[in-house]
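Whatever order the structure lists them in is the order used to number ligands and atoms, beginning at 1.
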Amino acid sequence: MPRFRQILDTMAPYTPGKAVAAPDGRSYKLSSNESPYDPLPSVVEAIAEGARNIHRYPDAGAVKLTEAVAERFGVPEAHVALGAGSVTVAQQLFETVSEPGAEVVYAWRSFEAYPLLADLAGVTSVRVPLAGEDHDLDAMAEVITDRTRMVFVCNPNNPTGTAIRRAALESFLDRVPETVLVVLDEAYREYVRDEDVPDGLTLYRDRPNVVVLRTFSKAYGLAGLRVGYMIAQEPVATAVRKTIIPFAVNSLAQVAAIASLAAEDELLDRVERVVKERTRVRETLIGQGWTVPHSEANFVWLRLGERTLDFAAECAKDGVAVRPFQPEGVRVSIGSPEANDAFLAAAARFRA
Ligand SMILES: *Cc1c(COP(=O)(O)O)cnc(C)c1O
């Protein structure tokens with residue numbers, strides 16, 4: 001029997017969101033925060049065109065996509081690093097800091113990939129409980145020691161949807177030593193409407209330890225292709241680029257991401273529709289008597305405690321798949337109006 005790393009026996013595997021179907025065949029997947037829209041024709045066309053070249057390796061440096069991202073955000077190309085989904089960029093960030101004894105700090109509950117990536121990297125997780133549904137930034141600053149190599153700040157937070165405002169985030173960043181990377185995970189940035197929630201790109205320029213992590217998976221609707229990126233000052237971006245597995249970002253992902261940036265207005269119109277649905281869903285839930293934290297992302301959070309799995313089962317009867325985190329609560333993605341109505345009907349039944 002080969003000897004495997006001990007951590008493989010104890011780490012929690014990533015649980016992907018599942019689809020369920022009602023007896024009548026209806027099925028609404030509100031468990032993975034995906035875009036409810038089909039890909040844009042222009043993006044499908046770029047992928048079809050790109051398919052003619054898949055016997056070739058992709059551009060290892062993803063030069064055109066790097067240029068497109070840099071141009072879109074008005075940053076130097078040297079500040080951009082790409083990966084196969086932002087989860088992989090996060091894994092690459094671990095590769096840049098992981099040493100025996102290293103610690104990573106993050107809020108809990110937050111994005112499920114953080115503990116997994118920390119375990120895989122052999123880094124010790126220091127989890128700081130949320131204060132209510134929000135990051136407890138004071139407590140996070142307090143647990144930073146000379147073993148801390150990285151801090152994740154998920155803004156808005158997955159799964160609670162709450163966002164950190166500028167003054168709080170800036171005073172936290174002021175307290176973190178420059179030797180510690182702070183990763184602002186902004187996977188849901190495009191859904192933020194609170195003007196007080198800072199765009200990480202306005203924070204990293206004079207902070208050499210701040211990383212802004214973004215993805216094409218959510219607002220840009222490319223979850224199936226796996227492409228994400230980070231923006232940070234040159235030493236950080238250079239270090240992260242060194243950790244990429246050769247050719248990690250495949251050629252179809254590269255052309256689709258470029259086409260998505262070119263069609264950004266259309267995609268952001270769709271985001272706006274999701275944001276309107278988010279308001280409708282939250283207000284309807286509040287009308288039903290639920291407590292729903294204000295969400296700046298494309299999902300809402302219901303703190304159901306021990307009733308979490310019962311609630312998910314009730315939704316499944318209507319073909320609505322939600323994401324239960326027993327015994328904390330349920331995260332429900334904002335989908336099409338029809339899917340949201342199906343979810344709201346199940347939620348009303350559960351309260352009755
Ligand atoms: C969905 C999500 C990501 C994006 O993952 P990809 O690998 O880019 O698909 C990153 N961070 C958070 C918090 C997320 O919810």
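- Residue Thr162 forms a side chain to side chain contact (heavy atoms under 4.5 Å, CB included) with just one option from His294, His135, Glu133, and that option is Glu133.
- Comment: Glu277 engages Arg280 in a salt bridge, judged by a side-chain N to carboxylate O separation of less than 4.0 angstrom.
- Looking at Asn158 against ligand 1, only its side chain comes within 4.0 Å, counting heavy atoms.
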### Query
Step by step, would you call Arg323 with Glu112 a salt bridge (charged side-chain N to carboxylate O under 4.0 Å, His left out)?
CA-CA 12 Å; Arg323 180 70 75 93; Glu112 294 154 279; 2.8 Å; yes
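- Ring geometry for Tyr220 versus Phe216: interplanar angle over 60°, hence perpendicular rather than tilted (30 to 60°).
- Close approach of ligand 1 to Ala187 is summarised as follows: ligand atoms under 4.0 Å from at least one heavy atom of the residue are 2 (C), 3 (C), 10 (C), 11 (N), 12 (C), 14 (C).
- Using a 4.0 Å cutoff on heavy atoms, Asp185 counts as a contact of ligand 1.
- Considering backbone and side-chain N/O of Arg226, one or more are found under 3.5 Å from N/O of ligand 1.
- Within the structure, ligand 1 lacks Gly228 among the residues with a heavy atom less than 4.0 angstrom away.
- Looking at Asp59 and Lys64, no side-chain N of the basic residue comes within less than 4.0 Å of a carboxylate O on the acidic one, giving no salt bridge.
- Between Glu190 and Lys218 there is no salt bridge, since no side-chain nitrogen of the basic residue lies less than 4.0 Å from a carboxylate oxygen of the acidic one.
- Proximity of Cys154 to ligand 1 is established by a heavy-atom distance of less than 4.0 Å.
- Note on ring orientation: taking the six-membered ring where Trp is involved, the planes of Trp301 and Phe325 are tilted (angle from 30° to 60°).
- The distance from ligand 1 to the heavy atoms of Lys218 drops below 4.0 Å at these ligand atoms: 1 (C), 2 (C), 3 (C), 4 (C), 14 (C), 15 (O).
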#### Entry: ring pair (Phe, Tyr, Trp, His ring centres under 6.0 Å) between Tyr188 and Phe299, intermediate numbers included
CA-CA 10 Å; Tyr188 302 97; Phe299 50 83; 5.1 Å; yes
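- Shortest contact from atom 9 (O) of ligand 1 to any protein heavy atom: Ser217 OG, 2.6 Å.
- Note: an N/O pair closer than 3.5 Å links Val87 and ligand 1 by distance alone.
- The parts of Ser86 lying near ligand 1 are both backbone and side chain, judged by heavy-atom distances below 4.0 Å.
- Heavy atoms of Tyr188 found under 4.0 angstrom from ligand 1 belong exclusively to the side chain.
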